[in-house]
Amino acid sequence: MLSNLALLLASGTLAIACDELPIASWSYDGPPPFQYQTASWDPKVFHKLGGFSPWFPSTGVYGVPGYPGQVPDGCSVDQVQVYMRHAEREASGGTARGIAALVKKLANSTFQSSDPNIQYLQTWNYSYPAEYLSPLGYSDATAAGVAFQHAYSPLLGASFYFNNTGPKIPIRSTDQERVNATANAFAAGMMGFNYSAFSNWLVTPDSSTTFNSTLASNNCPAVNTIDSTANGIFNSYFQPLVRDRLAPLMPGFNLTTNDVGSLMNACPFDSFNRLSPSPICSIFTPEEWLGYNYAYDLNQFDNAGYGGPIGTAWGVGWVAEMIARLNDSAVIPVGSVNTTLDSNPATFPLNSSVYLDFTHDTSLESSLTAMGLFKADYNGNVTLDQIDPNRAWQSALISPMGGRLFVERLQCQSTGNQSTYPFVRMLLNSAVVPLYTLTECNHSWGANQGLCELPLFLESQTFALNGANFSNCYNNYTNVPL
Ligand SMILES: *[C@@H]1O[C@H](CO)[C@@H](O)[C@H](O)[C@H]1NC(C)=O
Ligand SMILES: *[C@@H]1O[C@H](CO)[C@@H](O)[C@H](O)[C@H]1NC(C)=O
Ligand SMILES: *[C@@H]1O[C@H](CO)[C@@H](O)[C@H](O)[C@H]1NC(C)=O
Ligand SMILES: *[C@@H]1O[C@H](CO)[C@@H](O)[C@H](O)[C@H]1NC(C)=O
Ligand SMILES: *[C@@H]1O[C@H](CO)[C@@H](O)[C@H](O)[C@H]1NC(C)=O
Ligand SMILES: *[C@@H]1O[C@H](CO)[C@@H](O)[C@H](O)[C@H]1NC(C)=O
Ligand SMILES: *[C@@H]1O[C@H](CO)[C@@H](O)[C@H](O)[C@H]1NC(C)=O
Ligand SMILES: *[C@@H]1O[C@H](CO)[C@@H](O)[C@H](O)[C@H]1NC(C)=O
Ligand SMILES: *[C@@H]1O[C@H](CO)[C@@H](O)[C@H](O)[C@H]1NC(C)=O
Ligand SMILES: *[C@@H]1O[C@H](CO)[C@@H](O)[C@H](O)[C@H]1NC(C)=O
Ligand SMILES: *[C@@H]1O[C@H](CO)[C@@H](O)[C@H](O)[C@H]1NC(C)=O
Ligand SMILES: *[C@@H]1O[C@H](CO)[C@@H](O)[C@H](O)[C@H]1NC(C)=O
């Protein structure tokens, strides 16, 4: 249950262990034991499924160059906040309905294909319940908890693991099955199966439009008026290209662009359930997956990124809470903050060294947008060869299934001086977030290692602390092109 380190810490050999274990060189949130990114999972495809991508540690454009997750010399972490999207789930909403309709249509047809991957569709059935956390999701979330414990257990101390008398970890989750199941699996991975004895839970409504929640994104009425035109423009170019290539390979089946969309959506979900890559994924070319990934991004970019009027609004409440914990000060009430919950230490404590929050992709993406990170500008009127593979704002990198942001407060010692100063550093899916892209943080000591002095970070968050255009949530954007 607990890793060797926890057992060592618990067994009273702590002093010796700390001297001998290379704690500073551990990679925070390193590859978890259940990671399924094995040779049989082709990362070329599975890293390009937008927010339907299975979790993988990000690299490249999201990492500070040359600095993987180790704590910089002279610094130690004294607080960490986790904001984690639920792990791999079943298809939901319109995606699930589209796949179900396609299965029916395929079953009602007697086409024969010479393509071995398409032949899979001749007998394919898919009848999983929508929305739930999948078995893969359980193991991903548990592995994430194990990796977290491995990285941050020095923060908790021996008594935390040895008996139940230590401070309890505050965990916030929602009443939606996939979110709460992720929270429970993570907690079990981190603390072992007696985790309820080690934690205090606050579970709030997920899908209420009237209950202010910073873990769910239903407090912005304008969303019902927004439709991503960029996504529509791109798909009206992209999906016919794919249909025209595949239709001749499926003689006797009237393949539509809707079917193409549903078939591409089926790749991740069929794979999650098979616990191995679905042959459906191999029906499409790598270039087609680039297009799929881009279409997904356009939709989320207009919704929770820089492309639309409410991209900063959904997630700003959580940013205000994150700042309150970093700064040990009252929550500035913006966005979807619930002031009743956040002014009560029983429901919003400020004295813990670890905080665990479980959420959705839109909230996670929007919080990063509200902070001003991963700024970008794209549109839907591009051809496949014009898509920038290194674009700054990508759902697959920000919030794949199980996407996770770790916000660390560090104390760093200045050279030749015993004083320590507070810093902020963030890891998103294991990659150090380039906080230096925020003007104020660019001036910080350690900026090139992803560090930002806490006072400079707070200065950089003026827009968020003023509400990040939350008032846009009360406008009507019907027929406004995005
Ligand atoms: C099944 O096929 C028949 C004959 O082609 C058609 O009339 C019917 O609408 C189809 N049903 C579905 C669910 O596609
Ligand atoms: C798929 O499987 C489900 C559950 O076993 C069954 O109810 C359904 O009829 C099957 N659908 C097709 C198209 O075979
Ligand atoms: C349990 O934890 C408390 C508080 O840290 C500590 O004082 C005590 O020694 C621990 N009990 C045992 C049996 O280790
Ligand atoms: C969520 O999980 C917590 C901790 O196990 C549990 O106490 C609570 O009842 C669960 N809530 C829902 C709605 O499932
Ligand atoms: C689990 O926690 C409970 C409540 O604190 C405690 O009584 C029990 O001994 C613990 N069980 C184990 C196996 O640690
Ligand atoms: C805020 O939280 C309290 C306590 O759970 C709840 O009673 C109240 O309805 C919530 N208010 C809003 C506006 O969400
Ligand atoms: C193929 O599907 C399209 C869209 O549903 C429909 O308009 C068209 O009539 C169908 N063609 C045939 C040959 O069934
Ligand atoms: C941070 O804390 C200080 C001291 O309590 C307070 O004066 C300041 O307003 C806080 N800043 C923010 C952004 O909450
Ligand atoms: C809930 O959020 C709205 C919108 O920001 C705000 O006006 C209201 O005061 C909040 N209610 C509570 C209890 O925090
Ligand atoms: C934080 O304060 C609460 C009571 O206000 C207490 O129960 C809890 O143990 C404290 N946590 C820490 C880490 O000190
Ligand atoms: C897309 O771009 C082309 C050339 O850049 C332009 O002619 C066309 O009007 C644009 N279409 C839309 C829908 O914006
Ligand atoms: C937004 O405006 C459109 C007309 O432009 C109207 O049909 C729709 O009901 C309005 N939606 C809301 C939520 O007010």
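For ligands, and for the atoms within them, numbers begin at 1 and follow the listed sequence.
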- Hey, is atom 1 (C) of ligand 8 touched by any protein heavy atom at less than 4.0 Å? yes
- Closest protein heavy atom (residue, atom, distance) for atom 11 (N) of ligand 11: Asn381 ND2, 2.8 Å
- Message: In the complex you have, is atom 9 (O) of ligand 8 within reach of the protein, judged by whether a heavy-atom distance drops under 4.0 Å?
- Response: no
- Task: Would you mind running through ligand 8 and noting each atom that sits below 4.0 Å from a heavy atom of Leu465?
- Result: 13 (C)
- Message: Counting only heavy atoms closer than 4.0 Å, does ligand 9 sit against the backbone of Val337, its side chain, both, or neither?
- Response: backbone
- Item | 4.5 Å side-chain heavy-atom contact, Phe301 and Glu365 | no
- Query: Is there a heavy atom in Ser336 that sits closer than 4.0 Å to ligand 9?
  - Reply: no
- Message: Strictly inside 4.0 angstrom of atom 5 (O) of ligand 11, do you find any protein heavy atom?
- Response: no
- Query: Sub-3.5 Å donor-acceptor pair from the side chain of Tyr378 to the main-chain atoms of Trp393, do we have one?
  - Reply: yes
- Message: Against ligand 9, does Tyr474 come closer than 4.0 Å with any heavy atom?
- Response: yes
- Message: Is the positively charged end of Lys48 above the ring of Tyr296, judged by distance under 6.0 angstrom from the centroid and angle within 45° of the axis?
- Response: no
- Query: Under 3.5 Å between some N or O of ligand 9 and some N or O of Asn212?
  - Reply: yes
- Item | Arg178: which of Glu90, Glu131, Glu88 passes salt bridge (charged side-chain N to carboxylate O under 4.0 Å, His left out) | Glu131
- For Ser262 and Ile99, which heavy atoms make the closest approach, and how far apart are they? O-CG1, 3.9 Å
- Query: Between Val71, Val80, Val433, Val407, which is the residue that forms a side-chain contact (heavy atoms from CB on, under 4.5 Å) with Arg425?
  - Reply: Val71
- What part of Asp328, side chain from CB on, backbone N/CA/C/O, both or neither, has a heavy atom under 4.0 Å from ligand 8? neither
- Could you list which atoms of ligand 9 come closer than 4.0 Å to a heavy atom of Phe470? 4 (C), 5 (O)
- Do the non-hydrogen side-chain atoms of Phe284 and Cys267 ever get within less than 4.5 Å of each other? no
- Answer whether the closest heavy-atom distance between the side chains of Ile387 and Phe234 falls below 4.5 Å. yes
- Query: Protein heavy atoms: any of them under 4.0 Å from atom 14 (O) of ligand 11?
  - Reply: yes
- Query: Got the closest protein heavy atom to atom 3 (C) of ligand 8, with its distance?
  - Reply: Asn327 ND2, 3.6 Å
- Which atoms from ligand 9 have a heavy atom of Gly335 less than 4.0 Å away? 2 (O), 4 (C), 5 (O)
- side-chain contact (heavy atoms from CB on, under 4.5 Å) partner of Ile171, chosen from Phe198, Tyr195, Phe186, Trp201: Trp201
- Do Asn327 and Leu458 come close enough that some side-chain heavy atom pair is under 4.5 Å? yes
- Task: Could you tell me which atoms of ligand 9, counted from 1 in the order shown, lie closer than 4.0 angstrom to a heavy atom of Asn338?
- Result: 13 (C), 14 (O)
